[in-house]
Amino acid sequence: LSHVRFIEGWDDDIVQQWKSAKNEMAVLSTYVSDINGSIDPITHESTHENRPIMCASDYEGHGANKHLRHGQQPEGPAGIKGQP
């Protein structure tokens, strides 16, 4: 099984978000949530009204092996409301 699943209507939602930016060069990104209990098995819609928040991010390693590590990814309400 995949560690990523898409909710019903995700493609329409992401296109609407991109259009709302009113910038054809806009880039949308996300950090996926845990899939366990995140998608309603009947409606195939998200069971969450919030999104993951990346915090405690820092670089680990040295030289060519240096990489970004995200320490905590709690789920929480969006800090930004509405649309641009």
Side-chain angles (χ1 to χ4, degrees):
L1 290 176
S2 172
H3 69 280
V4 175
R5 303 265 171 94
F6 292 94
I7 61 170
E8 187 73 27
W10 72 270
D11 50 345
D12 294 327
D13 184 48
I14 199 80
V15 168
Q16 182 55 41
Q17 290 180 45
W18 180 75
K19 286 180 177 179
S20 74
K22 296 182 174 62
N23 179 344
E24 67 182 34
M25 302 301 284
V27 176
L28 302 179
S29 180
T30 189
Y31 190 88
V32 296
S33 297
D34 183 8
I35 64 170
N36 295 324
S38 295
I39 301 175
D40 185 291
I42 298 184
T43 66
H44 305 289
E45 294 179 355
S46 176
T47 59
H48 298 284
E49 292 186 16
N50 50 32
R51 62 180 176 206
I53 301 168
M54 292 190 296
C55 57
S57 297
D58 202 0
Y59 285 98
E60 288 185 349
H62 302 284
N65 294 322
K66 196 170 186 179
H67 60 279
L68 189 60
R69 167 79 63 184
H70 303 295
Q72 301 173 17
Q73 292 106 24
E75 298 256 345
I80 301 172
K81 307 270 190 247
Q83 297 183 11

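A 4.5 Å side-chain heavy-atom check between H44 and F6 finds every atom pair outside the cut-off. Residues K19 and V15 are in side-chain contact: their nearest non-hydrogen atoms beyond the backbone lie under 4.5 Å apart.
Hydrophobic cluster membership is shared by W10 and L28, with clusters built from Ile, Leu, Val, Met, Phe, Trp and Tyr side chains linked at under 4.5 angstrom.
Under the 3.5 Å distance criterion, with hydrogens and angles disregarded, a donor-acceptor pair is assigned to the side chains of Q17 and D13.
No more than 12 heavy atoms of other residues, nucleotides or ligands lie within 6.0 Å of CD in E24, so this atom counts as exposed by the packing criterion.
Contact record, T47 with D40: CG2-N, 3.5 Å, taken as the closest heavy-atom pair.
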